A.B. asks: 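One structure is given below, represented as structure tokens, and several questions about it will come after.
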2 protein chains.
Amino acid sequence: MVTIADVAKHAGVSPSTVSYVLSGKRSISEQTRSRVEESISALGYHPHAGARSLASSRANVIALVLPLRTDMHVPILMQFATSVVTAAREHDHDVLLLTNDEGPDGLRRVARSALVDAVIVMDIELNDSRVPVLREVGLPAVLIGFPADPAGLTCVDWDFVAAAARCVDHLADLGHREIAFIGPPSAVFARGTGFAQRTTSGFESAVARRGVRATVRPCDPSHSAVRDTVKRLFDDHPALTGLIVHNEAAVAPLLETLRGLGRHVPQHVSVVAMCPEDLAGQVSPRLTAVPIPAEEIGRRAVELLMGKLERAAGVPPATLIAPHLLPGESTAAPPA
Amino acid sequence: MVTIADVAKHAGVSPSTVSYVLSGKRSISEQTRSRVEESISALGYHPHAGARSLASSRANVIALVLPLRTDMHVPILMQFATSVVTAAREHDHDVLLLTNDEGPDGLRRVARSALVDAVIVMDIELNDSRVPVLREVGLPAVLIGFPADPAGLTCVDWDFVAAAARCVDHLADLGHREIAFIGPPSAVFARGTGFAQRTTSGFESAVARRGVRATVRPCDPSHSAVRDTVKRLFDDHPALTGLIVHNEAAVAPLLETLRGLGRHVPQHVSVVAMCPEDLAGQVSPRLTAVPIPAEEIGRRAVELLMGKLERAAGVPPATLIAPHLLPGESTAAPPA
DNA sequence: CAGGGAAGTCGAAGCGCTTCGACTATCCGG
DNA sequence: CCGGATAGTCGAAGCGCTTCGACTTCCCTG
């Protein structure tokens, strides 16, 4: 193994000088710096992570806690994870993967053993058991999602309220007067996931503001459940012309059902989806969507975390990522 | 921070004794052991990971390299990842997540910096650029998938040859005489992914063995591509009664297309899927499937890796996970 | 031209742990 | 009753790195 002492010898300087070249914490003459850098690449030197962590009490590793049992759409989870890894690497950090089956103890363990410097916790529930642990161990953390009491925590999430409102506005602007919201399964609401409730409330205040008649329906993603929900919706509300769907798995069955019912999109009924951009593009017709910016949320979470690690102060406690509408071919003015 | 010295003082022993209690590398009297263990939990002691790694040159961390740009089905990837994390934790190891955008250099970095002890590399291509790096740094590794030259490496994968054959046998046993194989997009073949070719060859030797007429078609997962492929298939082969699909994303469009064509499953045509178990169960009718055992592959990969870390020898170079057939409602005898 | 600060470098002291050799006590067979 | 295992414990030497204080130049300012 190549050590810092080997590099120092090779470059004719002391080990501490090599360390300062690497960290930039003291000024180094241009001449020395380049000599050291040459030695480093000549010898293929990589600092020993453990030694570094021991001496500096900084591991340069962050933990990412993924939900295991999840009602979340898996590809979104994956997008989060990869964007977190990519962003972390840009800040010279690595990512340790933690799942929830170790429970809150996993957090305690990695924090106390100094395996990681900080943590990103995904899929925060309103009453999340991991939050007290976070406060207890004092580990710098960024939460994706908001718990019931976010005091003292740093949270980031998509602005679900604004996203739902954006969907309503789009349909109302086109002239729709009666619309419906097809949401996640009722289990998601029951579990106390904040985003589902925020989406619903965003939807409801927007329809009130726009004076549009509206219905909200939770929906299981199975083909038959979607078919039942949609049929019932049209039976109860014959004047319905606009649908907002916030349930990735229900998107394809929904379109198929509408096709089966002979209701053409967008001629008879308009559909707006809150779903990943690629899903919206894959189906036919291409959906008008307010896409969930998983990549941006992951990146922002990392940046907030790096801010906490470096400056400790001045990091905003709440960050809401603004939604935007991606026009597709699934929305149009309602039939006259 | 609580150190081993604190624990030692609290228990009235030397630090080395505490270390031996923890590692079990020397015998300790029952009395001393329990006193030390009490002190550990009383103080909430967790060994410092960096110090441990420095002193023992074992980080107790393994790296998991996920494909970034991937034609793989994302939920499967996720199942792999979580099963790797779970299995690793059972062996007292953590998992560092690496994506491919850092390229082979990422492997070199984590190996040389002793950040990880070993690595699991997923989605191995026939001519994978990461394989030479693995050989170069001498990092214990388990590959999921097989490169063209697996000499000296430890690989594990599903037995795609047997899986395809199992599908053929099932249809042939039911009496089907003309079947077709709907595979991944041709891009996957072009990329040199071993599993696609092994599946095809498993299919072809099985149909030869069973004397069944057969066609192989790669297929993009888009709705229209599936429709075109299926239509063409039936035009060219009017006697076709059995379909094997090895393309997760194409499953739903395929069923919808068949429904659209008025070909009932399984009365007119039988369908067998090589796909995750949950996907097979979600669609209607429930598919007869040869499910990809992602969880088992991940677990086996970890176990092989632990074997290499502990014993260094006696680890089998190639492990093939046997397929099994999961009966559903999508297969039956062909129409008379 | 003296004095002070900045720039550049070094030596040494740890960071918290593992592990090796050494030491004592105990027990066994001849 | 003695020599030699065996069990149980300790002290000390690092593992490779960062960082602090100290030292030497050199340059600028009054």
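The sequence lines fix the lettering, A, B, ..., with proteins before strands; numbering per chain opens at 1. What you see is a predicted model; the values in this text were computed from it and never measured.
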A.B. asks: Taking the minimum atom-to-atom distance to the side chain of B/Ile4, which one of D/dT19, C/dT18, C/dA7 wins?
C.D. replies: C/dT18

A.B. asks: So if I take every side-chain heavy atom of B/Ser56 and compare against D/dG14, D/dG16, C/dT19, which nucleotide ends up nearest?
C.D. replies: C/dT19

A.B. asks: Out of D/dA7, D/dC10, C/dC17, which nucleotide sits closest to the side chain of B/His48?
C.D. replies: C/dC17

A.B. asks: Going by side-chain contact (heavy atoms from CB on, under 4.5 Å), A/Ile28 matches just one of A/Leu22, A/Thr17, A/Val13. Which one?
C.D. replies: A/Thr17

A.B. asks: Could you check which of D/dC15, D/dG8, D/dA12 has an atom nearest any side-chain atom of B/Ser29?
C.D. replies: D/dG8

A.B. asks: Kindly point out which of D/dT19, C/dT19, D/dT18 is positioned nearest to the side chain of B/Tyr20?
C.D. replies: C/dT19

A.B. asks: For the pair made of CD in A/Gln31 and C1' in C/dA7, what is the distance, rounded to whole Å?
C.D. replies: 14 Å

A.B. asks: Using whole Å, report how far CE of A/Met1 lies from P of D/dC15.
C.D. replies: 12 Å

A.B. asks: With a non-hydrogen cut-off below 4.0 angstrom, is B/Thr3 in contact with a base, only sugar-phosphate, or nothing?
C.D. replies: sugar-phosphate

A.B. asks: Would you indicate whether A/Arg300, at its atom CZ, is surrounded by more than 12 heavy atoms from other residues, nucleotides or ligands within a distance under 6.0 Å?
C.D. replies: no

A.B. asks: Would B/Asp149 and B/Arg135 pass as an ion pair if we require N to O under 4.0 Å?
C.D. replies: yes

A.B. asks: I'd like to know if the side chain of A/Ser19 and the backbone of A/Pro15 have a donor-acceptor N/O pair within less than 3.5 Å.
C.D. replies: no

A.B. asks: Nearest of C/dC10, C/dT18, C/dC17 to any side-chain atom of B/Ser19?
C.D. replies: C/dT18

A.B. asks: Need to verify one output field. Residue with the more 5' nearest nucleotide on DNA chain C, B/Ser16 or A/Ala55?
C.D. replies: A/Ala55

A.B. asks: Taking any heavy-atom pair under 4.0 Å as a contact, classify A/Thr32: base, sugar-phosphate, or nothing.
C.D. replies: sugar-phosphate

A.B. asks: Could you tell me how far apart A/Arg26 (CZ) and C/dG8 (P) are, to the nearest whole angstrom?
C.D. replies: 12 Å

